[in-house]
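Please read the structure below before turning to the comments.
For this chain, numbers begin at 1 and follow the sequence in order. None of these values were measured; they are calculated from a predicted model.
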Amino acid sequence: MPRAILALALYLGFAALLPMSAHACGCGLDPDLVTRALGADAETATAAREALRAEGPLAITFLDHEHIGRARLAAQDEAAWDALYDQIGQQRGCRNSHLFWYTDLTEAERVAAAEHKPILSLRMLGKLTDEYSCANSRFFRTVLYANAEVSEYLRDHVVLHWRSERPVPVVSVDFGDGRMIRTTVTGNSAHYILDETGRPLDALPGLYGPQPFLQHLREAVALDLAIHADQDHRDGILREHHATALRANAPSRAPDVTESVQVDSAREFTVEALVAEQVTVGKSLAESPFLRAARLGGDGGAAPMAPAVRAALADAHPEFGTIDASSRALVLAQMSLDGIPATQDGVIEELERSIAEDTVLNEFSLHAAIHRRFASGAVADLEALNRWMYDRLFRTPASDPWLGLMPHCYIGLDHNGVVVAAAKR
């Protein structure tokens, strides 16, 4: 099945689950806005897209209605629709997720206060609108945001915001015969759950499977409600929540696992790209071959969880990696390449296993360190928490502009292969 037809079929199936559209319920948005936004005149299209963007999440619902209605009448330029969705929602793959993201935290806080909702704030390397954002954020778009249950919960219960931590390193391998592989290396992502004033309630490091991700979102929304009901005791409620979560966050949930799974928050981690890769499993599968081939970033050092422990925990919780039908179809469609058969045997099984291992690593190791930090009262504000996360947990501190990728030994190239030019993005 051609990719465009598959994507449209997936979309129409997903759209059947959506609530009544903004246009259908008489919101007053002008369908001509969409026509102008898709038009050839750049100035007119820009103005129309800005007008749609200003409508907030309502614009995505409106686009859903208009796209379905017009698709029944005539063939459409699906690539143009994808670009329109992505610009309005500020997320690549927005037509699959139907999510609207704010890129200004102050604006997200204003909307959250008006709607009495917490904020889910994503930090990543690169931009959520770019194909080449860091690997975890790409997995988020496929296995989390496109998941029907996750998407619905996000639309109904939180205000979404993202911000780029820094550009993401991109590496290309040119085979010299017209074939090339291009991907990102290193970098990690975190979802911060904030109250409507931007104060942190929790943080989810790296990639989680859909169901554990949803569970933590529900717990954070309940925590936000509890704090709203008793603002005078906010700090105590927050500390007790994380102390309780820390007591429940134990590898004893997996049979035959006796090794302690902890991250010492006082430990000074080695800043090496391969060490950072070991802080995430799914991302490492996508990126580590390039790091190892280039011999960048040292020997890797020690991961925060022994592979045997991680495997045992994943065996005990295979449900952590389960993805839904929409995500499965998207993964397989994305792997197809015109004229080149895609090797898809076992792809979904391997992906689900890596997500399960990522989830247990993040939950039982990194999230435990986060719980300890909250429970001790050491979380002052979002920026301080974010800096600690990237410096100490993700091992990619802002003080290292090379993200651990600078060669530490002679490699036979002028300037050891380092080229410094004007930034391209």
Tyr153 ring centre to Arg218 NZ or CZ under 6.0 Å, with the angle to the axis within 45°?
yes

Glu383/Arg387 salt bridge by N-O under 4.0 Å criterion:
no

So, does Tyr102 use its side chain to make a donor-acceptor pair with the main chain of Glu109 at under 3.5 Å?
no

Verify the distance criterion only: is there a donor paired with an acceptor across the side chains of Arg155 and Thr61 at less than 3.5 Å?
no

Going through the checks in order, is the side chain to side chain donor-acceptor pair (under 3.5 Å) test met by Arg70 and Thr35?
CA-CA 10 Å; Arg70 297 178 192 215; Thr35 302; 3.1 Å; yes

For the residue pair Trp162 / Gln90, report whether a side-chain donor-acceptor contact shorter than 3.5 Å exists.
no

Please determine, by modelled atom types, if His161 and Asp104 share a side-chain donor-acceptor pair under 3.5 angstrom.
no

Side-chain contact, heavy-atom cut-off 4.5 Å: Asp358 with Phe139?
no

Show the numbers, then the answer: is there a side chain to side chain contact (heavy atoms under 4.5 Å, CB included) between Phe62 and Val34?
CA-CA 9 Å; Phe62 181 59; Val34 175; 3.7 Å; yes

Heavy-atom closest pair, residues Ile355 and Phe320:
CG2-O, 3.9 Å

Closest contact, heavy atoms only, Asn136 versus Ser189:
CB-OG, 3.8 Å

Heavy-atom closest pair (Asn147 atom, Ser327 atom, distance to 0.1 Å) is N-OG, 4.1 Å

Is there a side-chain contact between His317 and Glu319 in this structure, where contact means two heavy atoms from C-beta onward sitting under 4.5 Å apart?
yes

With side chain to side chain donor-acceptor pair (under 3.5 Å) as the test, would you mind laying out the steps for Thr184 and Arg138 before giving the verdict?
CA-CA 10 Å; Thr184 60; Arg138 301 198 302 270; 2.8 Å; yes

Would you call Arg36 and Asp32 a salt bridge, taking side-chain N to carboxylate O under 4.0 Å as the test?
yes

Compare all side-chain heavy atoms of Leu204 with those of Ile370 and state whether any distance is below 4.5 angstrom.
no

Does the Asp202 side chain pair with the main chain of Ile193, one donor and one acceptor, at a distance under 3.5 Å?
no

Can you tell which of Glu350, Glu349, Glu357 makes a salt bridge (charged side-chain N to carboxylate O under 4.0 Å, His left out) with Arg353?
Glu357

Please find the pair of heavy atoms, one from Pro318 and one from Ala356, that lie closest to each other, and give the distance.
O-CB, 4.5 Å

Are any of the side-chain heavy atoms of Glu131 and Arg92 separated by less than 4.5 Å?
yes

Pair His241 and Phe374, ring centroids less than 6.0 Å apart
no

His98 and Tyr145: aromatic ring centres closer than 6.0 Å?
no

Arg199 and Arg234: side chain to side chain contact (heavy atoms under 4.5 Å, CB included), yes or no, with the steps?
CA-CA 11 Å; Arg199 292 180 295 179; Arg234 179 189 188 278; 3.3 Å; yes

Are Asn188 and Glu165 close enough, and set up right, to give a side chain to side chain donor-acceptor pair (under 3.5 Å), and what steps lead you there?
CA-CA 10 Å; Asn188 213 324; Glu165 185 71 11; over 6 Å; no

I'd like to check Leu122 versus Arg163 (side-chain heavy atoms, cut-off strictly below 4.5 Å). Are they in contact?
no

Determine yes or no for a side-chain-to-main-chain donor-acceptor pair under 3.5 angstrom, with Asn362 supplying the side chain and Leu207 the backbone.
yes

pair Arg141-Ser133: side-chain heavy atoms closer than 4.5 Å
yes

Side chain to side chain contact (heavy atoms under 4.5 Å, CB included) between Asn96 and Ser326, worked out:
CA-CA 9 Å; Asn96 299 313; Ser326 296; over 6 Å; no

With salt bridge (charged side-chain N to carboxylate O under 4.0 Å, His left out) as the criterion, how do Arg328 and Glu352 come out once you've worked through the C-alpha distance, each side chain's angles and the decisive distance to 0.1 Å?
CA-CA 10 Å; Arg328 287 168 178 250; Glu352 290 185 326; 3.0 Å; yes

Quick one about Thr322 and Gln211 (side-chain donor to acceptor, distance below 3.5 Å, no hydrogens or angles considered), yes or no?
no

Could you tell me if the side chain of Thr129 sits less than 4.5 Å from the side chain of Gln91, heavy atoms only?
no

Under a plain distance cut-off of 3.5 Å, with no hydrogens placed, do Ser164 and Arg123 share a side-chain donor-acceptor pair?
no

Side-chain heavy atoms of Ile88 within contact of Ile60, under 4.5 Å:
yes

Ring-face cation contact, Trp388 with Arg373, 6.0 Å cut, 45° max
yes

Do any N or O atoms from the side chain of Asp195 and from the backbone of Thr197 form a donor-acceptor pair under 3.5 angstrom?
yes

Minimum heavy-atom separation for Cys134 to Met124, with atom names?
SG-CB, 3.8 Å

Could you tell me how the ring of Tyr390 sits relative to the ring of Phe394: parallel (under 30°), tilted (30 to 60°) or perpendicular (over 60°)?
perpendicular

Locate the shortest heavy-atom distance separating Leu403 from Pro169; write the atom from each residue and the value.
CD1-CG, 3.5 Å

Carboxylate-amine/guanidinium proximity below 4.0 Å for Arg110 and Glu196
no

Quick one, Val159 with Leu120, criterion side chain to side chain contact (heavy atoms under 4.5 Å, CB included). Give me CA distance, side-chain angles, the key distance, then yes/no.
CA-CA 6 Å; Val159 174; Leu120 185 70; over 6 Å; no

Do the rings of His216 and Tyr208 sit parallel, tilted or perpendicular, given the 30° and 60° boundaries?
perpendicular

